[in-house]
Every structure is written in C-alpha cells, then in structure tokens.
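See below for the structure under consideration.
Just so it is clear, the values below take in all heavy atoms, side chains as well, and ignore hydrogens, waters and symmetry mates. One is the number of the first residue; the rest follow in order along the sequence.
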Amino acid sequence: MVKSSSLFSLLSQIFVFQQLAVLCVSQDFDFFYFVQQWPGSYCDSKQSCCYPTTGKPAPDFGIHGLWPNYNDGSYPSNCDSSNPFDPSSISSIKSQMQSEWPTLACPSGDGDKFWRHEWNKHGTCSEDILDQPGYFQAALKLKQETDLLNVLQNAGINPDGKFYSLTSITKAIRDSTGFTPGLECNVDESGNTQLYQIYICVDTSATNLIECPVLPRGKCSSRIEFPIF
C-alpha cells in the first residue's frame with residue numbers, strides 16, 4: 001500500500017511534469033523580428049541559389065520569416081513538435097506565398113520545405129497568438145505594409161549594383177516606418193559587402209511595428225552594394 005506522503009510526492013512530480021510540458025508548448029516572448037531578404041544578395045554569393053519550381057521570383061524583397069525573440073537577443077525555437085506544418089492550412093494563400101515568400105535554396109522546390117522550417121522552428125513558438133494560417137497571413141500583411149523596395153527606391157536607393165551608405169538605407173526605412181531597422185549584409189563572390197536582410201521589429205500581436213529592443217549584428221560596411229536581381 002502506498003503511503004500518503006509517497007502518494008503526495010508522486011502527484012507533485014506529475015504536476016510539475018505537466019507544467020513543464022505546457023511551458024514547452026506555450027513559450028513567452030517579447031517581440032517578433034520580421035525579416036525580409038534581397039534575392040540578388042542571396043544568389044550573388046559562393047553558395048549561389050536555385051530558383052523555385054514556379055520560376056524566377058520578382059525583383060523584390062522576399063519574406064524570410066517572422067521570428068519570436070527575447071529582449072536580450074536570444075529566442076525560443078521548435079516549441080511544439082505536436083503541431084507540425086500542415087500545407088493544407090495555407091492552400092488558399094499558396095500562390096501569394098510563392099510570390100512573396102519564395103524559396104531560393106537548392107535543389108529547387110515549391111516553397112513547402114522552406115515554410116515548414118519556418119513554422120516548425122519559429123511559428124510554433126507563437127501559436128498561442130497565431131495559428132498556422134494566421135502566422136503566414138500576418139507576415140504577408142507586414143510585407144505589404146512595409147513595402148521596402150518602394151521605400152528605398154523613393155529615396156533614390158536602387159538595386160542597380162551600386163554602393164549606398166548604410167546610413168542612407170537606415171534613414172529611408174526609418175523615415176517611412178517610424179522605426180530603426182536592423183540591416184544584415186553578406187559578401188558576394190568578389191568580396192563586396194552587400195545588403196542582404198532587413199529586420200523590422202513587431203509587437204507580440206504581430207500587427208504593430210515597434211522600436212527594436214535589440215538589433216542584430218549585421219556585419220555591414222559603411223557603404224554596401226545593392227545588387228541587381
């Protein structure tokens with residue numbers, strides 16, 4: 001017969017395990033990074049790229065992801081393995097996803113592998129707020145609202161292979177959105193630093209732009225190339 005103290009201890013342990021399981025599924029976070037990448041910079045590197053099976057994407061920034069983050073720069077990931085990516089959940093917006101969130105990885109794909117990675121690693125950490133279609137729809141809406149290529153071109157900053165100051169790119173985006181972006185650069189095959197990704201910070205509802213609590217380390221020079229695509 002189990003003694004009452006032993007039973008209480010066992011029940012306490014079960015309760016703790018249950019709470020830990022809930023915490024593993026339901027992650028708190030402080031803000032989102034909404035990240036867009038320039039396809040010309042992705043492709044103009046040693047790793048190169050592969051166009052998706054739907055063909056070469058339009059010369060525009062493409063979504064990389066919507067990433068829950070903490071104020072100290074760390075982030076949760078892979079928060080709920082019981083809720084994997086379901087392609088049918090975005091069937092109604094798949095054509096828009098292929099246009100605005102294209103894959104450039106090799107070998108060529110239709111986007112499902114890319115989106116699966118983004119949902120499983122990042123989306124599951126915000127599933128208390130956004131279900132799968134809501135997560136992807138929120139990112140599509142943010143892309144339309146920020147319209148980065150148009151913002152830069154209106155400031156005379158064009159994807160023409162020329163070099164622009166980091167300050168001018170930052171200012172153009174800040175003047176348009178009201179908030180300072182994070183800029184990330186990579187290096188082309190000739191060793192030139194080029195504009196690769198732009199980080200915009202968004203509140204935990206994934207609707208309102210905010211000032212970034214912490215900016216990513218972008219490894220950018222004072223003047224960077226904006227390559228043709």
Q | Heavy-atom side-chain proximity of P159 to P59 below 4.5 angstrom | A | no
Q.
For S126 versus P68, what's the shortest heavy-atom pair and its separation?
A. CB-CG, 4.1 Å
**Q.** Parallel, tilted or perpendicular, as decided by the 30° and 60° cut-offs, for the rings of H122 and W67
**A.** parallel
**Q.** S91 (side chain) donor-acceptor with S88 (main chain) under 3.5 angstrom
**A.** yes
Q | For the student: nearest non-hydrogen atoms of I198 and L195, plus distance | A | CG1-CD1, 4.2 Å
Q) Rounded to the nearest 0.5 Å, how far apart are CD of Q137 and OG of S92? A) 6.5 Å
**Q.** Any side-chain heavy-atom pair of K219 and C185 under 4.5 Å
**A.** no
Q. So which heavy atom on E225 is nearest to which on N192, and how close?
A. OE1-CB, 3.6 Å
(Q) For the CZ atom of F136 and the CG atom of D131, what is their distance to the nearest 0.5 Å? (A) 10.5 Å
**Q.** Any W115 side-chain heavy atom under 4.5 Å of K94 side chain
**A.** yes
**Q.** From CA spacing to verdict: side chain to side chain donor-acceptor pair (under 3.5 Å), S45, E189
**A.** CA-CA 5 Å; S45 63; E189 290 189 285; over 6 Å; no
Q. Looking only at heavy atoms, what is the nearest atom pair of L66 and L142, with distance?
A. CD1-CD1, 3.9 Å
Q: Tell me, yes or no, whether the heavy-atom count around F85 atom CZ, taken from other residues, nucleotides or ligands under 6.0 Å, exceeds 12.
A: yes
Q: Report yes or no: does S74 contribute a side-chain atom to a donor-acceptor pair with the main-chain N or O of Y70 at less than 3.5 Å?
A: no
Q. Does L215 share a hydrophobic cluster with L166, counting links as ILVMFWY side-chain heavy atoms below 4.5 Å and allowing steps through other members?
A. no
Q | N158/F226 under side chain to side chain contact (heavy atoms under 4.5 Å, CB included): CA gap, chis, key distance, verdict | A | CA-CA 7 Å; N158 301 292; F226 195 2; 5.6 Å; no
(Q) Taking D112 first and then R116, would you say they form a salt bridge - that is, a charged N and a carboxylate O separated by under 4.0 Å? (A) no
Q: Show your working on side chain to side chain contact (heavy atoms under 4.5 Å, CB included) between D110 and F114 and close with a plain yes or no.
A: CA-CA 9 Å; D110 65 354; F114 185 18; over 6 Å; no
Q. Passes side chain to side chain donor-acceptor pair (under 3.5 Å), N83 versus Q132? Steps please.
A. CA-CA 9 Å; N83 186 18; Q132 287 194 42; 3.3 Å; yes
Q: With K56 as the cation and F229 as the aromatic partner, state whether NZ or CZ is under 6.0 Å from the six-membered ring centre and within 45° of the axis.
A: yes
Q) What is the distance from atom SG of C79 to atom CG of D128, rounded to the nearest 0.5 Å? A) 9.5 Å
Q) Linking I/L/V/M/F/W/Y whenever their side-chain heavy atoms sit closer than 4.5 Å, directly or via other members, would F179 and F61 fall into one cluster? A) yes
Q. Going from CG on D203 to CG on N208, what distance comes out if it is rounded to the nearest 0.5 angstrom?
A. 4.0 Å
Q) After noting the C-alpha distance and the side-chain angles of I90 and M97, does the key distance pass the side chain to side chain contact (heavy atoms under 4.5 Å, CB included) rule? A) CA-CA 9 Å; I90 59 167; M97 291 282 292; 4.1 Å; yes
Q | Expected output: side-chain N150 to main-chain Q153 donor-acceptor under 3.5 Å | A | no
Side-chain donor-acceptor contacts of residues 29-39 below 3.5 Å, not counting sequence neighbours, with atom names and distances?
| residue | atom | partner | partner atom | Å |
| --- | --- | --- | --- | --- |
| D30 | OD2 | N71 | N | 2.8 |
| Y33 | OH | V214 | O | 2.5 |
| Q36 | NE2 | T146 | OG1 | 3.1 |
| W38 | NE1 | P227 | O | 2.9 |

Q. In Å and rounded to the nearest 0.5 Å, what is the OG to CG distance from S176 to L148?
A. 8.0 Å
Q. Hey, does Y199 have a side-chain heavy atom less than 4.5 Å from the side chain of E184?
A. yes
(Q) Would a single hydrophobic cluster contain both L130 and L209, if residues Ile, Leu, Val, Met, Phe, Trp and Tyr are joined by side-chain heavy-atom contacts under 4.5 Å? (A) yes
Return all side-chain donor-acceptor pairs below 3.5 angstrom for residues 100-107, not counting sequence neighbours, or 'none' if the list is empty.
| residue | atom | partner | partner atom | Å |
| --- | --- | --- | --- | --- |
| E100 | OE1 | K143 | NZ | 2.8 |
| W101 | NE1 | I63 | O | 3.4 |
| W101 | NE1 | H64 | O | 3.4 |
| T103 | OG1 | A105 | N | 3.4 |

Q) Do any N or O atoms from the side chain of N120 and from the backbone of N78 form a donor-acceptor pair under 3.5 angstrom? A) no
Q) In Å, rounded to the nearest 0.5 Å, how long is the span from CD of Q47 to SG of C49? A) 8.5 Å
**Q.** Step-by-step side chain to side chain contact (heavy atoms under 4.5 Å, CB included) determination, I224 to I169
**A.** CA-CA 10 Å; I224 57 176; I169 296 171; 3.7 Å; yes
Q) Nearest heavy-atom pair of A172 and V151: which atoms, and what distance? A) O-CG1, 3.4 Å
(Q) Please find the pair of heavy atoms, one from S89 and one from P133, that lie closest to each other, and give the distance. (A) O-CB, 3.5 Å
Q. Would a hydrophobic clustering, with Ile, Leu, Val, Met, Phe, Trp and Tyr connected at side-chain separations under 4.5 Å, put I129 with W119?
A. yes
Q. Less than 4.5 Å apart, any side-chain heavy atom of N186 and any of Q194?
A. yes
Q: Find out if a path of hydrophobic residues (ILVMFWY) with successive side-chain heavy-atom gaps under 4.5 Å connects Y135 to L140.
A: yes
**Q.** Full working for side chain to side chain donor-acceptor pair (under 3.5 Å) between S205 and T207
**A.** CA-CA 5 Å; S205 71; T207 55; 2.5 Å; yes
Q.
Can you tell me how the ring of Y42 sits relative to the ring of Y196, calling it parallel under 30°, perpendicular over 60° and tilted otherwise?
A. tilted
